[in-house]
Amino acid sequence: MAWLLFVLGVAVHQWRFWQAGRLDADVMALLPADEQAPEVALATRALADGASRQIVVMLGAPQWAQAQGAARAWREAMAQQQAPLSEVHWGAGETGLAESLAFYRPWRDRLLTPAQREQLQATPLPQLAQAALAALYQPAAQARLSEWVADPLGLAPAWWSARAGDTRARPRDGELWLAGDGVEWVVLRYDIAGSAFSLDGRAVYGEALQAAETAARAALPGVKTLRAGVPLHAEAAAVQASREINTIGWGSLAAVLLLVWLAFRSPRPIVLVGLSLLIGCAAALSITAWVFGQVHLITLVFGASLVGVAEDYGIHYFASRQGQPWAEPRSLMRQLLPGLLLALVTSVLAYLAMGAAPFPGLRQMAVFSSAGLVAAMLTVVCWFPWLDRGTVGSSRFAVSVAGSLQRWPRLTASGRAWAVYAVLAGLCAAGLLQLRPNDDVRQLQNSPPELLASQRQLSSLLGVASPAQFYLVRGAGDEELLQREEALKARLDVLVREGRLAGYSAVSDWVPSAARQRADAQLTARVESEVLARVNAALGETLARPVFAAGPLSVQRWLQHPASAGARLLWLGEIHGAQTSVVMLRGLQDAALLPVLAAAAEGLEGVRWVDKPAEVSSLLGRYRVSMSWLLLLGHAVVLAALLWRFGRAAWRAWLPTALASVGALAVLGAAGQPLQLFTVLALLLLLGVGSDYGIFLLEHEGDGSAWLAVALGAGSTWLAFGLLGLSSTPALRAFGLTLLFGLALVAVLAPMLRPAGAVDATS
C-alpha cells in the first residue's frame, strides 16, 4: 500500500512537471561552481545571462542596396512567424548618442585616451596651437561633436571613436551596417521572451529564422546569412536531446520487451516488466526534480539508458519463475531477494560514485539512475508476487539461451590457453599504450558544426568580446577598483599596440578613476588654456575656456544614466564585500596568447585572469585522476562484499568486470578514442552492473534460468548503452562506447569463470 501511494504521488508530480516545463538546456548548469572563488562563478553566470537572450543575424550582399532589400524581405517573413522574438531596432541609436553626448559634456575635460594623454604631454604648445587654429579655419574638414571653443584641440571625437571600438558595426540608413570579407552586411538583433534554456525540444527559433532566410533568398538568391546566439545553441541541444531520448529510450524499451516476449511468450511478463520500467523512470525524474529543482536535458539523454539496466530485476524474477514453475511467487521472491539486493547495491553504489565529483550534471545523472533502479526494484519486489498470477511457460528461445550455458567454454590453465592469454595481453597492452587523455570541456557540447562556424565568423566580423576569457577585478570601493582596472589596461595597451589584441572593454573606459580624472583635468586645463591664449593673441580675440564640472564623474551616476547601457554588464557591483567588475577582451583568436594574458594579471592586486574553458578542462582532468583512484577503491570494496557473500569463490564474480574494464580501455585506445572523465565513470558503472552477472551465476550455480536472466539483461543493457554511443554529445558517446565494449566482454567472460564443478541445468 505504501508503494502504491508513492507511485500515485509520482504520477501527480509527473503531470505537474511536464506542465511547468522545467527542463534545462544550459551547458553551464552541468559545470561545477568555483568554491574557492565564488565571485568567478557569479561573474561567469552574469556574463552568460547577459548574452543568453540575444540572437544576432547578419545578411550580406555585394551591394548595400541588395543587403537592404534582403533585410526587408527577412523582416516581412519574421513578422508572420509565431516565435517569441522581438527585433531590437537600431534606429533609436541617434537619440541615444545625443543623450550620451549631453551626459558626458560636463566632464569632457577629463576624458582622454592614452594616446591623447601622451600627445598633450609630449607635443610643444606652439604646435598644438597651430593645430587648433587650423581646425578653426577649416571647420568642415572633420565632423565636430562640440563647439570649437569648448574643445579647441578636438579631443572629444577621438575619445568617442575609441569607445565605439566595442563593435565594428555602424549606423547607416537606419540599419546597422558592417563591411567585411568583401560583403556589405546588415546586422539584425533579436531578444527572446523568457529563458533561453526552458525549452521543450521544438526548434521554434530555428524554424522562424529558416523561414525568414528562405524569404530573403527568394528576394536575393545570393544573399549570405550568419546567425549566432545562446538561444540557438540551447534550442539545438534541446532538439538533439529530444531526438536522442526517443532513440535511446524507445529503442531500449523495444529491445527489452522483444527479449521478454521471445523468452516468455506471454503478455503478463511484458506488462509487468514494462510497468517496473515506467515506474522506475518516472520516479527517477520526480526525485531528481525534487532534489535539484530542474532536470537537465543531458540527464534525460543519459537516463534513457536506464531502461536497459532497470529491467534486470523483473527479467530475473520471470526467468526464475520459468525455471521453477512449481514455486509460489512470494516464496520465490524471498529466495531471490538476497541476490537481487546485492546486485542493486553494487549498481546503485556505482551510480552514486559518479556524484562524488562536484559536477551538478553528474550528480543529477547519479541521482536519476540510482532512484530509477531502486524504484524499479521495489516495484518488482512489492508488486510482482501479487500481480503475477498463473504460470510462465517455456519457449524455444528461452530453452536455447538457458542451454547455452552447458556449451559455454571455461577458462583453463593449459599451455595452449596461456599462449592465447599472452597474445590477448599483448594486444591489450598495445591498445592501452595508444590511449591518450582529453579533458576538453567542449566534450559536453553538441552544437551543430554549421552553427558553430556561423558563430565564429559573425564574432570575427563584429569583433565582439568572448565571455569565456576575461579579467575579474575587485576593490574595496569604486575608486580602488577603477584604479586597478587602469593598472591592468596599461599592460594590455602594450599588446594592443603590438597588434596581438584588438582591444578590451572596461568600466574605466567610460568612467575613469577619480585620480585619473583629476590628473587629466589638470593636464587639459593647462594645455588648453595655453592654446587659447596663443589663439587669442593671434586673432585678437578674448575666447574663454568653458567651466566644467567641479567633481569627478562617479560610477553610480553613470549607471543611472542610459549612457551606461552598452557597458553596464561589465559592472557586477558588490560581491562578497568587494566591488567587482570584469574586463573583457576583443579579437582574441590566438590560443598562444592566453599565457601572455594570464601573465598580465600577475602582481596586480585584486586582478584575476579567468579562462573558464581552461579551468573547467583542468578540473575535468583532476577529477578523471581522482575518480580513477575511486574506481580502484570501488573494485576493492566490491571484492570485499563478494568475499563476505561467496567466500573464496568471490573472484569469479569480480574478475570478469576487472578484465572487461582493461579490455574496454584497450579497444578505445586502438580505436583512437580519448580517455576522459566520462570513460572512467562508465568503468565505475561497469563495475556495478557487470558484477551483477557474476553474482547471479554464483547465487544460482549451474542454473540455466539464472543464465537466461543474465543473458537477457546483458543484451538489453548492452543495446541501451550502445545506443547511447550514438549520442552527438562527445562525453555521452564516450560513456556509451566504453560500456558497449565493457558489457560485451563481461557477458562473455562471466560464464567462462563459473565454478568447474557446477552442473549446468536448463530451465
Side-chain angles (χ1 to χ4, degrees), residues 309 312-313 316 336 338-354 356 370 373 405 408-413 417-418 420-421 424-425 428-429 432 627-668 679-703 706-707 709-711 713-714 717-718 721 738-758 760:
V309 182
D312 284 359
Y313 313 113
H316 193 69
L336 296 176
L340 291 176
L341 284 175
L342 184 58
L344 175 68
V345 168
T346 57
S347 297
V348 168
L349 287 177
Y351 274 118
L352 290 179
M354 293 171 48
S370 300
L373 286 181
L405 185 63
W408 208 276
R410 288 183 171 90
L411 296 181
T412 64
W418 280 111
V420 173
Y421 302 156
L424 292 176
C428 283
L432 291 173
M627 295 301 283
S628 297
W629 287 109
L630 181 61
L631 174 63
L632 296 177
L633 178 62
H635 273 273
V637 171
V638 168
L639 182 57
L642 294 174
L643 284 169
W644 172 78
R645 175 67 178 167
F646 301 114
R648 290 191 301 175
W651 67 273
R652 297 181 181 277
W654 167 79
L655 188 58
T657 303
L659 294 176
S661 299
V662 175
L665 289 176
V667 173
L668 290 174
T679 306
V680 179
L681 295 176
L683 294 177
L684 270 170
L685 184 56
L686 179 64
L687 172 62
V689 176
S691 299
D692 293 354
Y693 304 153
I695 290 171
F696 289 149
L697 290 176
L698 286 181
E699 281 283 349
H700 309 280
E701 193 172 307
D703 187 353
W707 171 239
V710 168
T717 305
W718 180 82
F721 286 108
T738 303
L739 286 169
L740 181 70
F741 301 134
L743 288 170
L745 290 172
V746 171
V748 171
L749 291 172
M752 296 178 76
L753 290 172
R754 69 193 188 279
D760 301 326

Do L630 and V680 come close enough that some side-chain heavy atom pair is under 4.5 Å? no
OG1/T679 to CG/L684 distance, rounded to the nearest 0.5 angstrom? 11.5 Å
Contact between L665 and L683 at the side-chain level, heavy atoms closer than 4.5 Å - yes or no? yes
Test side chain to side chain contact (heavy atoms under 4.5 Å, CB included) on V746 and L686 and set out the steps. CA-CA 9 Å; V746 171; L686 179 64; 3.9 Å; yes
Closest heavy-atom contact between W707 and P751? CH2-CG, 3.6 Å
Heavy atoms, side chains only, cut-off 4.5 Å: are L643 and W654 in contact? no
Is the shortest side-chain heavy-atom distance between F646 and I695 below 4.5 Å? yes
Distance col, row M627:CE vs L681:CG, nearest 0.5 angstrom, shows 5.0 Å
Looking only at heavy atoms, the pair that brings R645 and P338 closest together is NH2-CB, 3.8 Å
Euclidean distance, T717 OG1 relative to L685 CG, rounded to 0.5 Å: 9.0 Å
Output the distance between atom CG (L668) and atom CG (L432), rounded to the nearest 0.5 Å. 9.5 Å
Donor-acceptor pair, W408 side chain versus L749 backbone, under 3.5 Å? no
Roughly how far apart are L642 CG and T657 OG1, rounded to 0.5 Å? 9.0 Å
Shortest non-hydrogen contact from S691 to V638? OG-CG1, 3.7 Å
Shortest non-hydrogen pair, H635 vs S661, comes out as NE2-OG, 4.1 Å
Over all atoms of both residues, closest heavy-atom pair of Y693 and A750: CB-CB, 4.3 Å
Nearest heavy-atom neighbours spanning L411 and Y421: CB-OH, 3.6 Å
